[in-house]
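Just so you know, residue 1 is the first one in the sequence shown, and it goes up from there.
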Amino acid sequence: MKKIEKGRQFVQQHINTFRCPVCHEPMESIDGNSVVCAKNHHIDFNKHGYLYFLKQGAGTEYDGEMLSARRKLLMKGLFKPIVEKISQQMNNTDQTILDVGCGEGTPLSQLMSIRNKHDTAIGFDISKPGIQLATQLDTNAFFCVADLRQLPFNNASFDTLVEIFSPSDYGEFKRVLKPNGKLYKVIPNAGYLGELRNLLYDTGDHQTYDNSKVLNLFKSHFSNVKEFEIKYQFEIPNDLKKELVLMTPMHWGRDAKTLTDQDLEGFNEVTVDVTLLEAENA
């Protein structure tokens with residue numbers, strides 16, 4: 001089945017999940033290679049099988065090279081323990097899942113594989129290159145280009161929202177989550193990729209990270225927040241050391257060094273240090 005046919009079939013089966021980004025009316029039907037809302041606005045399927053819900057183009061620094069580098073590391077298991085912990089915390093019944101800022105899609109694909117349920121999963125990102133990469137994965141998840149400030153989904157559409165290192169719009173999250181639905185947000189801790197941070201920067205603010213503002217904002221929107229510390233060492237494959245540098249915004253800093261092969265010679269493992277936050281929608 002062609003990607004566009006697969007995408008069209010998914011949306012047809014789950015048409016009640018989607019709403020129009022123009023007028024916010026529910027999507028009602030598929031017309032050829034378009035999904036059509038109650039007021040006859042058309043959103044076209046891309047040839048790769050995804051929908052582009054942005055009303056105008058959006059710039060992003062997450063380009064194809066960076067996302068391809070990330071894909072290679074994630075396929076080797078860089079975030080696998082994080083995804084496994086999310087899976088452990090999730091309800092054991094079939095879920096409707098939204099991956100917020102899904103990037104190139106590997107974590108959502110891994111989550112579906114680990115759970116091995118009849119889940120319905122959608123991933124979205126503002127990055128078109130990321131979504132194009134996501135559609136190359138062997139997964140039943142559907143992907144789209146969308147803005148987290150204006151989610152193209154109807155109210156109370158999802159049991160579970162997953163958000164790994166992505167910005168948030170808690171008002172929109174609460175709107176699209178079902179009552180008692182769960183939000184799982186992953187935030188970096190001070191030690192996250194510390195070995196890389198020390199290679200890139202000699203001194204200054206870039207050497208440390210404080211997640212307290214992000215954590216406090218989350219807690220201001222949800223009560224009874226659960227926190228899970230996840231920390232482990234990841235052995236970097238020899239042929240992917242440069243990709244690990246490329247996959248993170250850390251190397252964008254004004255004071256960041258350009259790392260040579262010699263700099264990377266002893267760079268054999270890196271610390272993954274994060275907190276998983278779990279909250280329930282009221």
Side-chain angles (χ1 to χ4, degrees), residues 7 10-29 35-43 50-56 58 60 86 89-91 93-103 105 107-108 111-112 119-127 130-131 134 141-187 213-227 276-282:
F10 180 97
V11 174
Q12 181 70 69
Q13 292 172 348
H14 305 285
I15 194 80
N16 292 334
T17 300
F18 296 90
R19 78 175 194 180
C20 179
V22 180
C23 64
H24 297 170
E25 290 294 319
M27 290 298 187
E28 286 194 336
S29 63
V35 59
V36 186
C37 79
K39 292 189 176 178
N40 206 37
H41 295 119
H42 287 57
I43 304 294
Y50 65 82
L51 288 168
Y52 187 91
F53 283 108
L54 300 183
K55 288 184 279 188
Q56 57 187 20
T60 173
I86 294 171
Q89 292 305 118
M90 285 178 63
N91 194 307
T93 59
D94 295 343
Q95 300 282 290
T96 51
I97 304 168
L98 179 65
D99 186 359
V100 175
C102 67
L108 181 57
L111 179 63
M112 293 185 73
D119 293 326
T120 299
I122 298 174
F124 81 88
D125 202 284
I126 203 168
S127 168
I131 296 302
F142 178 79
F143 295 98
C144 54
V145 179
D147 181 358
L148 69 87
R149 308 294 178 193
Q150 298 185 59
L151 296 178
F153 310 111
N154 287 316
N155 297 351
S157 290
F158 297 96
D159 300 302
T160 302
L161 261 64
V162 175
E163 185 193 8
I164 302 176
F165 305 144
S166 172
S168 302
D169 187 314
Y170 295 121
E172 278 291 85
F173 293 175
K174 290 180 178 182
R175 181 183 67 78
V176 301
L177 264 176
K178 295 177 182 178
N180 303 317
K182 296 290 184 67
L183 169 60
Y184 298 94
K185 180 178 176 67
V186 178
I187 60 175
K213 287 184 179 179
V214 177
L215 182 58
N216 291 336
L217 181 62
F218 188 91
K219 290 182 175 180
S220 73
H221 286 276
F222 298 96
S223 57
N224 300 319
V225 174
K226 296 180 181 178
E227 300 180 44
L276 170 64
L277 304 174
E278 176 186 324
E280 184 172 291
N281 197 30

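A salt bridge (Lys or Arg N to Asp or Glu O under 4.0 Å) check over residues 18-29, counting only residues at least two apart or in different chains, returns nothing. Counting only residues at least two apart or on different chains, the salt bridge (Lys or Arg N to Asp or Glu O under 4.0 Å) pairs with a member in residues 153-164 are D159-K178, E163-K185.
Counting all heavy atoms, side chain and backbone alike, P167 lies closest to L148 at O-CD2, 3.6 Å. Between C37 and C23, the shortest heavy-atom contact is SG-SG, 3.7 Å. The two residues M112 and A141 make their nearest non-hydrogen contact at SD-CB, 3.7 Å. Nearest heavy atom pair, residue N281 against residue L177, reads ND2-O, 3.3 Å. Closest heavy-atom contact between I97 and M90: CD1-CE, 3.7 Å. Counting all heavy atoms, side chain and backbone alike, C102 lies closest to G123 at SG-C, 3.5 Å.
I43 is listed as a side-chain neighbour of P21, based on a closest heavy-atom distance under 4.5 Å. Side-chain contact between L215 and L277 is present, with at least one heavy-atom pair separated by less than 4.5 Å. With contacts defined as side-chain heavy-atom distances shorter than 4.5 Å, the pair K55/Q150 qualifies. Within the 4.5 Å cutoff, side-chain heavy atoms of R175 are placed close to those of L151. Side-chain atoms of T160 and V162, non-hydrogen and from C-beta on, do get closer than 4.5 Å to each other. Inter-residue side-chain proximity for T17 and F158 is flagged as met; some heavy-atom pair is nearer than 4.5 Å.
Residues that satisfy the side-chain hydrogen bond (donor to acceptor under 3.5 Å, both in side chains) test with Q89, not counting sequence neighbours, are E278. N16 meets the side-chain contact (heavy atoms from CB on, under 4.5 Å) test with no other residue; sequence neighbours excluded. For F124, the ring pair (Phe, Tyr, Trp, His ring centres under 6.0 Å) criterion is met by no residue, not counting sequence neighbours. In this structure, H24 has no ring pair (Phe, Tyr, Trp, His ring centres under 6.0 Å) partners at least two apart in sequence or on a different chain. Not counting sequence neighbours, the partners of F173 by the ring pair (Phe, Tyr, Trp, His ring centres under 6.0 Å) test are Y170. Residues meeting the side-chain contact (heavy atoms from CB on, under 4.5 Å) test with P152, sequence neighbours left out: F53, A146. By the salt bridge (Lys or Arg N to Asp or Glu O under 4.0 Å) test, D147 is found to be paired with no residue, residues two or more places apart in sequence or in another chain being considered. Applying the salt bridge (Lys or Arg N to Asp or Glu O under 4.0 Å) criterion to D169, with sequence neighbours excluded, gives R149. Listed by chain and number, the residues in a salt bridge (Lys or Arg N to Asp or Glu O under 4.0 Å) with K174 amount to none (sequence neighbours excluded).
To the nearest 0.5 Å, atoms CD (Q95) and CG (L111) are separated by 10.0 Å. Distance check, rounded to the nearest 0.5 Å: CD of Q12 to CE of M27 gives 13.0 Å. We find the OG-CG distance between S29 and N40 to be 8.0 Å, quoted to the nearest 0.5 Å. Interatomic distance, D99 CG to D125 CG, rounded to the nearest 0.5 Å: 8.5 Å. Considering CD of E172 and CG of L161, their distance stands at 10.5 Å, rounded to 0.5 Å.
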side-chain contact (heavy atoms from CB on, under 4.5 Å), that's the test. Do V176 and N154 meet it? Break it down for me.
CA-CA 6 Å; V176 301; N154 287 316; over 6 Å; no
For a side-chain contact (heavy atoms from CB on, under 4.5 Å) check, start with the C-alpha distance between V11 and L51, then their side-chain angles and the critical distance, and finish with the verdict.
CA-CA 9 Å; V11 174; L51 288 168; 3.9 Å; yes
Any chance you could lay out the side-chain contact (heavy atoms from CB on, under 4.5 Å) test for L98 and F153, step after step, and finish with the verdict?
CA-CA 10 Å; L98 179 65; F153 310 111; 3.7 Å; yes
Checking side-chain contact (heavy atoms from CB on, under 4.5 Å) for the pair V145/Y50: CA distance, chi angles, key distance, verdict?
CA-CA 8 Å; V145 179; Y50 65 82; 3.8 Å; yes
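Using modelled atom types, one finds a donor on one side chain and an acceptor on the other under 3.5 Å when comparing T93 with N91.
Taking the six-membered ring wherever Trp is involved, the centroid distance between the rings of F10 and H14 falls below 6.0 Å.
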Return all side-chain donor-acceptor pairs below 3.5 angstrom for residues 217-226, not counting sequence neighbours, or 'none' if the list is empty.
residue	atom	partner	partner atom	Å
K219	NZ	E227	OE2	2.7
S220	OG	L217	O	2.6

